[in-house]
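In what follows, chains carry the letters A, B, and so on, assigned in the order in which the sequence lines appear, proteins first and then strands, with residues in each chain numbered from 1. These figures come from a predicted structure and were not determined experimentally.
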Amino acid sequence: MPELPEAETIVRGLRPAILGRTIRATEVIHADVLRQPRRRFADRVRGRTVLGVERRGKNVIIRLDEDRVVAVNLGMTGRLLPSLDDGPAPPDSSHPAVRFRFQGGGALVFDDTRRFGTVECLTGGEWHLRSEWMGPEPLGPSFTAEGLHASLAASRSPIRSWLLDQRKVAGVGNIYANEALHLAGIHPEQQARTVDRKGAQALHRGIRRVLQAAIDAGGTTLRDYRTAEGEPGRYAPRLLVYGRDGEPCGRCGSEVRRIVFGGRSAFFCPGCQPLD
DNA sequence: AGTGTATCCTGCAGGC
DNA sequence: TGCCTGCAGGATACAC
């Protein structure tokens, strides 16, 4: 599910709800979402206070005092739902996996139907290493068209597969990879190294445009994704190719096609995105 | 190096 | 209604 825009929307909604709160205890309902032993997780989190809520790629980062960091990867169906005693009624949590209980009442629930998501509590140093391993933030200053072009030149992968690799660019998933390629007029199977400077510029622009527009719309809800307030995102109707196979392309009228490679569906318009 | 496949899990839509 | 298959915003490990 959640890609960068969904994670960003969750972070923004979570921040005012949990900033400054102190975690009294954790309740692990499904230990398989933990990337570390349950004991270590509980011990590291207990008694810590939330100093900040950030995003890195598709991950939600909760900074705690004492140099602790809770890193949440939402997987396909993960949600972070705050329920504060003095706040509005808590959104539905149908599949709670981990619950953080705050001093003075209220909680933050990591809910995940399929449990592909992960939760862990790291030290600042451990998290830094993990973050270094990831590619640049596509909406940040270190992501440039020139850098993208140079990075693409080193890979023989199909461009869509390349975009899904978090070590290359952080936060792009299958929906926005397909949308960005459509905006850039690049076929999803085109070899990364054959994307020329002009193509890299168009792709750079396409990635930024679609991610920013999706953030502005509060993300894309296909089924499970919800904001921290429990609301669905509003970007789905604006998707140009993802999930639209058989429909006419809004730009040129050609029929949008679906193909499968790399184990995932790819959607593209044969008219706007020719394969050389 | 890159690709296909399988794995983790649940739920839903569509065909019969 | 029930049963089956295929599919899903992710990530990783494995054999070629």
With a 4.0 Å cutoff (strictly under), does any side-chain N or O of [X] reach OP1 or OP2 of [N]?
{"X": "A:K58", "N": "C:dG9", "answer": "no"}
{"X": "A:N73", "N": "C:dA11", "answer": "yes"}
{"X": "A:Y176", "N": "C:dG9", "answer": "no"}
{"X": "A:H30", "N": "B:dC9", "answer": "no"}
{"X": "A:T77", "N": "B:dT10", "answer": "no"}

- What pairs meet the salt bridge (charged side-chain N to carboxylate O under 4.0 Å, His left out) rule with one or both residues in residues 144-172 of chain A, with sequence neighbours excluded? A:D165-A:R167, A:D165-A:K168

Tell me: [atom1] of [X] to [atom2] of [N], nearest whole Å?
{"X": "A:E189", "N": "B:dG2", "atom1": "CD", "atom2": "C1'", "value": "14 Å"}
{"X": "A:L74", "N": "C:dG9", "atom1": "CG", "atom2": "C1'", "value": "10 Å"}
{"X": "A:R223", "N": "C:dG9", "atom1": "CZ", "atom2": "P", "value": "10 Å"}
{"X": "A:L222", "N": "B:dG11", "atom1": "CG", "atom2": "C1'", "value": "14 Å"}
{"X": "A:L239", "N": "C:dG9", "atom1": "CG", "atom2": "P", "value": "12 Å"}
{"X": "A:D112", "N": "B:dC8", "atom1": "CG", "atom2": "C1'", "value": "11 Å"}
{"X": "A:D165", "N": "B:dG2", "atom1": "CG", "atom2": "P", "value": "10 Å"}
{"X": "A:L34", "N": "B:dC8", "atom1": "CG", "atom2": "C1'", "value": "15 Å"}

At under 4.0 Å between heavy atoms, what does [X] touch on the DNA or RNA strands: base, sugar-phosphate, or nothing?
{"X": "A:F261", "result": "nothing"}
{"X": "A:S161", "result": "nothing"}
{"X": "A:S265", "result": "sugar-phosphate"}

Identify all pairs in which a protein N or O lies below 3.5 Å from an N or O of nucleotides 13-16 of chain C, and state each distance.
none

Using the [atom1] atom in both, what is the distance from [N] to [M], to the nearest Å?
{"N": "C:dC4", "M": "B:dC8", "atom1": "C1'", "result": "22 Å"}
{"N": "B:dT3", "M": "C:dG9", "atom1": "C1'", "result": "22 Å"}
{"N": "C:dT5", "M": "B:dA6", "atom1": "P", "result": "15 Å"}

Ring pair (Phe, Tyr, Trp, His ring centres under 6.0 Å) with [X]: which residues, sequence neighbours excluded?
{"X": "A:H204", "answer": "A:F143"}
{"X": "A:Y242", "answer": "A:F267"}
{"X": "A:F268", "answer": "A:H187"}

- Task: May I ask you to decide if the ring planes of A:F41 and A:F100 are parallel, tilted or perpendicular, using 30° and 60° as cut-offs?
- Result: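 Judged by the thresholds at 30° and 60°, the geometry between A:F41 and A:F100 is perpendicular.
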
- Message: Is the base of B:dC8 stacked against the aromatic ring of A:F116, taking ring centres under 5.5 Å apart and planes under 30° as the test?
- Response: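 According to the criterion (under 5.5 Å, under 30°), yes, A:F116 stacks.
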
- Kindly state which residues belonging to residues 122-131 of chain A come within less than 4.0 angstrom of DNA chain C, counting heavy atoms of the residue only, listed by number.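 By residue number: none to list.
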
Which donor-acceptor pairs under 3.5 Å do side chains of residues 243-261 of chain A form with protein atoms, sequence neighbours excluded?
residue	atom	partner	partner atom	Å
A:R244	NE	A:L239	O	2.5
A:R244	NH1	A:E247	OE1	3.3
A:R244	NH2	A:P237	O	3.2
A:R244	NH2	A:L239	O	3.2
A:R258	NE	A:S265	OG	2.9
A:R258	NH2	A:S265	OG	3.0

- Record whether the side chain of A:R115 comes under 3.5 Å of the base of B:dC9 through a donor-acceptor pair of N or O atoms. no

- Donor-acceptor pair (no angle test) under 3.5 Å: A:R264 side chain, C:dA8 base: no

Closest to the [X] side chain: [options]?
{"X": "A:R114", "options": "C:dA8, B:dG2, C:dG9", "answer": "C:dA8"}
{"X": "A:R258", "options": "C:dG9, B:dT3, C:dC7", "answer": "C:dC7"}
{"X": "A:H95", "options": "C:dG10, C:dA11, B:dT10", "answer": "B:dT10"}

- Item | salt bridge (charged side-chain N to carboxylate O under 4.0 Å, His left out) involving A:R99 - partner list, sequence neighbours excluded | A:E27

- Are A:T123 and A:R44 close enough, and set up right, to give a side-chain contact (heavy atoms from CB on, under 4.5 Å), and what steps lead you there? CA-CA 9 Å; A:T123 65; A:R44 283 183 170 190; 4.1 Å; yes

- Please list, chain by chain and in numerical order, all residues satisfying side-chain hydrogen bond (donor to acceptor under 3.5 Å, both in side chains) with A:R114, sequence neighbours excluded.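 Counting only residues at least two positions away or on another chain, A:R114 forms no side-chain hydrogen bond (donor to acceptor under 3.5 Å, both in side chains).
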
- Message: Both atom distances under 3.5 Å, Watson-Crick or G-U wobble: I'd like the secondary structure of DNA chain C as a dot-bracket string, with | for pairs made across strands.
- Response: .|||||||.|||||||

- Answer syn or anti for B:dG4, where the cut-off is 90° from 0 on the glycosidic torsion.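 For B:dG4, whose glycosidic angle is more than 90° from 0, the conformation is anti.
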
- Item | Any donor-acceptor N/O pair, A:R56 side chain to A:S131 backbone, under 3.5 Å | yes

- Query: Checking A:Q273 side chain against A:C269 main chain: does a donor-acceptor pair fall under 3.5 Å?
  - Reply: yes

- Query: Under a 4.0 Å N-O cut-off, is there an ion pair linking A:R130 with A:E126?
  - Reply: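 Salt bridge absent between A:R130 and A:E126.
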
- Query: Closest nucleotide of DNA chain B for A:T113 versus for A:G263: which of these residues is on the 5' side?
  - Reply: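 Its nucleotide being nearer the 5' end, the pick is A:G263.
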
- Query: What residues join A:I61 in its hydrophobic cluster, counting side-chain heavy atom gaps under 4.5 Å, either direct or through other members?
  - Reply: A:V69, A:L122, A:W127, A:W133, A:M134

- Message: Through direct or indirect side-chain contacts below 4.5 angstrom among Ile, Leu, Val, Met, Phe, Trp and Tyr, which residues connect to A:L51?
- Response: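 Result for A:L51 is none, singleton.
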
